[in-house]
Amino acid sequence: MKSIEVNNLVKSYGDVRAVRGISFAVEEGAFFALLGPNGAGKSTTVEILATLLAKDEGTVSIMGETLDRDDAKIRRHLGVVFQYGTLDNDLTVRENLAARGAFYGLSGQALQTRIAELDKLIDFTSYLDRRIRTLSGGQRRKAEIARALLHQPRVLMLDEPTTGLDPKSRKDIWALVLSIKKDTAMTILLTTHYMEEVLDADHVVILHEGVIRAEDSAENLRLAYARDTLKIMPKQGLLKKLDQDGVAYERINATVHVPLKNPFEGVDLVGRHREAIESFEIVKASMDDVFLNITGASLEEGTS
Ligand code: ADP
Ligand code: MG
């Protein structure tokens, strides 16, 4: 069964066409990544799915419920962490959880039991009774995630959960995301502009300027859209030999780069021309290359 189905979703803000007719489906229990630079339309998509923002066109269903018709049921199925925190800064973590719990009829002992369960996953006892404004970025993000999980949703949406954090907190949050994936049956939809984060995803959708440009597993995207490269430090005469061998290459400073279909092609080439090669390495294509090759834009620079 699909846990999220989006068909031809469109959203503009005045003249800005933020989402231009995107369609995707997320399998139940999958870890699904929406990858794109700033301005791609990720947050707009998440906010529409979260019933917070009205769409212009298209249809959305979540756990079989139709957006705009069954929004209360959809909110019950969803836990959402928005890109910009929405905790109450003057309340403690526990008070924020209690406030949210009240929406779901969760209070008293049942609430404390649920908080204790969440603590096993999130490990937030040491700051549970501190005000949000006194917490580090990573602790706040964990508190946001705890609140999103409070009512045991079937689907968890995380909008750029690691953006803006220091490297240690990023690692921490990422470890938490992976343990949620491992320890629960929840469907996870994650947005990110960090290519390394999509490597753990079951399915990656590449979003650019409101349009889906490609989708597949990270590995298939890499195979389809980026080449491994053989980088050679040449000796005298190598270029002539490569020309005679019909090998396409590029000279970059003192090195020679040969795009490869696979690493073995590189090994064979090195074997054939060994006497004209000082040293070499085979560099695996990265998801950055994939993004660049698909969109012509870099993930870090963004588009707006
Ligand atoms: P992402 O989350 O991928 O960075 P967003 O969904 O936030 O992308 O934004 C998509 C586009 O819509 C961008 O061009 C952004 O500037 C624009 N946008 C987002 N929110 C608003 C808004 N409230 N008013 C006007 N334009 C907006
Ligand atoms: Mg965003």
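Both counts, for ligands and for their atoms, begin at 1 and track the order of listing. The structure presented is a predicted model; accordingly, all values stated were derived computationally and were not measured.
Ion pairing between a basic and an acidic side chain is recognised when a charged N comes within 4.0 Å of a carboxylate O; R227 and E265 show no such pairing.
In this structure, OH in Y13 is found 9.5 Å from CG in D56, a value given to the nearest 0.5 Å.
Ligand 1 has no nitrogen or oxygen under 3.5 angstrom from a nitrogen or oxygen of E160. Annotation: T45 places no N or O atom under 3.5 Å from an N or O atom of ligand 1; distance criterion only.
By the 6.0 Å contact criterion, NZ on K235 is enclosed, its count of non-hydrogen atoms from other residues, nucleotides or ligands being greater than 12.
At a heavy-atom cutoff of 4.0 Å, ligand 1 is contacted by the side chain of V16 but not by its backbone.
Not a single N, O or S atom of N38, from either the backbone or the side chain, sits less than 2.8 Å from the Mg ion (ligand 2). The Mg ion (ligand 2) has an N, O or S atom of S43 closer than 2.8 Å.
For the ligand labelled ligand 1, residue G36 lies outside the 4.0 Å heavy-atom shell. In this structure, P37 has a heavy atom closer than 4.0 Å to ligand 1.
No side-chain N or O of D129 forms a donor-acceptor pair with one of T92 less than 3.5 Å apart.
Ring centers of F32 and F24: under 6.0 Å apart, within the cut-off.
Counting heavy atoms from C-beta outward, K2 and E28 have side chains that stay 4.5 Å or more apart.
Every atom of ligand 1 with a heavy atom of A40 under 4.0 Å away is listed here by number and element: 1 (P), 3 (O), 8 (O). Counting the atoms of ligand 1 from 1 in the order shown, those under 4.0 Å from a heavy atom of A18 are 10 (C), 11 (C), 12 (O).
Smallest separation of non-hydrogen atoms from V46 and M157: O-CE, 3.7 Å.
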